[in-house]
Amino acid sequence: MGETLCRKLDGVSQCLDRHRPLQLSGAALKWIALVTMLIDHIAAMCVATIEVWEWATLWNVWGIYSIMRGIGRTAMPIFMFLLVEGFFYTHNRWKHLGRLAVFALVAEIPFDLTIFGWFTWEHCSVITTMLICFAMLMAVDAILKLPAGEEKQGRFYGIWAGKIAGAAAVSALTLVLLTVIGADYTWCAGAMTLAFYLLRRWRWLAALAAYALLVLLDMSELYAIVGILLILCYNGQKGRQPKWLFYVFYPMHLFLLYLLRLWVFGA
């Protein structure tokens, strides 16, 4: 029965791949995520600061703000999807983890300045979220790939049960950690990461699971459907992109938005 179900899921995947309306590389997806994230942050950090006193003007500003924030919902599922893809394609996972750790520290100061106006531990940037999720992937992947030994007197199944329990424990602790430290998207980011990892063979199913998790987190994430559909257009190719693009762009755009808000709005 399990093999039959897998074949049916594979059939759906093959059908979707044949009728894919767009062919998007990982680089194209990353650019889309960066641009939509920028739009979202401009709304959250600049448009939301505008003070208006007339109802007509207030309605217009609120409409612009809502549209920009809706566009911004596209970014997060794409970022987490690409994090998992990078986990499988990177040549050195420890080096990748170290890179995330360095830039998580670098990004925290402009993130806190832009969001709170001062340094605080109340909330962490999305790079910190990615750092924790990537570490979780390394741990879960290592546990699941431990040798199971030979199938003898139930020992094989017992070892697999232990591996699954260990991976589940690591995953649960990670979701709690993301929530306690106030990481961006809290537990949902970790759950999405696991969905993209465990259901990687059936991308459409992983994308649906990620969308359900996002909506469960907040109804405003209904707009994330655009990002989910774009993930289904991924062609499996990395594409051409500057290696350090995201790591440099993220803290730099936050710092520039902070300066812009100070200059224009004085807040």
Side-chain angles (χ1 to χ4, degrees), residues 16 20-48 62-87 107 111 114-115 123-130 133-134 178 183-197 199-200 203-242 245-254 256-257:
L16 290 173
R20 186 186 297 142
L22 293 173
Q23 295 284 337
L24 296 177
S25 66
L29 284 174
K30 184 172 288 186
W31 276 110
I32 292 171
L34 288 175
V35 171
T36 53
M37 178 184 69
L38 177 61
I39 292 171
D40 180 63
H41 287 176
I42 290 174
M45 301 167 193
C46 295
V47 177
W62 178 252
I64 293 171
Y65 171 82
S66 299
I67 292 172
M68 294 176 72
R69 295 306 305 271
I71 293 172
R73 302 307 95 200
T74 301
M76 191 60 179
I78 295 178
F79 279 138
M80 302 317 294
F81 170 73
L82 292 178
L83 180 76
V84 175
E85 288 298 297
F87 175 79
F111 175 81
T114 307
I115 300 298
H123 200 72
C124 299
S125 74
V126 72
I127 301 187
T128 300
T129 300
M130 291 180 175
C133 290
F134 196 86
L178 287 167
D184 215 13
Y185 278 79
T186 63
W187 62 267
C188 185
M192 278 197 295
T193 303
L194 289 171
F196 286 127
Y197 171 77
L199 300 174
R200 187 168 181 260
R203 188 186 309 139
W204 63 273
L205 189 57
L208 285 177
Y211 187 56
L213 290 166
L214 284 166
V215 174
L216 182 63
L217 176 71
D218 195 309
M219 288 299 293
S220 67
E221 297 295 332
L222 284 168
Y223 296 106
I225 187 63
V226 177
I228 297 299
L229 294 176
L230 290 173
I231 288 171
L232 298 180
C233 296
Y234 176 58
N235 61 11
Q237 303 297 316
K238 181 179 179 180
R240 300 182 62 180
Q241 56 184 308
L245 174 65
F246 173 73
Y247 299 107
V248 174
F249 179 86
Y250 186 80
M252 184 63 70
H253 93 280
L254 287 175
L256 291 177
L257 285 177

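In this text, all values refer to a predicted model and were calculated from it rather than measured experimentally. When a residue number appears, it is its place in the shown sequence, counting from 1.
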**Over 12 foreign heavy atoms within 6.0 Å of OH, Tyr223** = no

**Message:** For Tyr250 and Phe246, take the angle between the two ring planes, folded into 0 to 90°, and tell me which bin it lands in: parallel under 30, tilted 30 to 60, perpendicular over 60.
**Reply:**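 Geometry flag for Phe246 against Tyr250: tilted rings.
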
**Request:** Fit a plane to each ring of Phe111 and His123, take the angle between them on a 0 to 90° scale, and name the class: parallel (under 30°), tilted (30 to 60°) or perpendicular (over 60°).
**Result:**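 Parallel: the ring planes of Phe111 and His123 meet at under 30°.
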
Close side-chain approach of [X] to [Y], heavy-atom, < 4.5 Å:
X	Y	value
Arg73	Val226	no
Ile78	Tyr234	no
Trp31	Leu245	yes
Leu24	Asn235	no
Leu256	His253	no

Would you check if the side chain of [X] reaches a backbone N or O of [Y] as a donor-acceptor pair within less than 3.5 Å?
X	Y	value
Tyr211	Leu222	yes
Arg203	Phe196	no
His41	Leu38	no
Thr36	Ile32	yes
Thr129	Asp184	yes
Thr186	Ala183	no

**Message:** Applying the side-chain contact (heavy atoms from CB on, under 4.5 Å) criterion to Asp40, which one of Met76, Arg69, Met45 satisfies it?
**Reply:**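 Answer after filtering Met76, Arg69, Met45: Arg69.
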
**Asked** side chain to side chain contact (heavy atoms under 4.5 Å, CB included) between Ser25 and Lys238: does it pass, once the steps are laid out?
**Response** CA-CA 6 Å; Ser25 66; Lys238 181 179 179 180; over 6 Å; no

Closest approach of [X] and [Y], non-hydrogen atoms and distance?
X	Y	value
Leu254	Ala107	CD1-O, 4.5 Å
Ile39	Met68	O-CE, 3.4 Å
Leu217	Cys188	CD2-CB, 3.8 Å
Leu29	Leu230	CD2-O, 3.6 Å
Ala209	Ala195	CB-CB, 4.1 Å

**Asked** Any ion pair linking Arg200 and Glu85 (charged N to carboxylate O, less than 4.0 Å)?
**Response**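 Result for this pair is yes, salt bridge flagged.
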
Measure the spacing between [atom1] of [X] and [atom2] of [Y] and express it to the nearest 0.5 Å.
X	Y	atom1	atom2	answer
Ile225	Leu214	CD1	CG	10.0 Å
Met80	Ile231	CE	CD1	10.5 Å
Met130	Ser125	CE	OG	9.0 Å

**Request:** Determine, stepwise, if the pair Leu194 / Cys133 fulfils side chain to side chain contact (heavy atoms under 4.5 Å, CB included).
**Result:** CA-CA 9 Å; Leu194 289 171; Cys133 290; over 6 Å; no

**Request:** Could you check Phe79 against Leu34 for side chain to side chain contact (heavy atoms under 4.5 Å, CB included), going step by step and ending with a plain yes or no?
**Result:** CA-CA 9 Å; Phe79 279 138; Leu34 288 175; 4.1 Å; yes

**Message:** Applying side chain to side chain contact (heavy atoms under 4.5 Å, CB included) to Leu213 and Trp187, what does each step give before you reach the verdict?
**Reply:** CA-CA 9 Å; Leu213 290 166; Trp187 62 267; 3.9 Å; yes

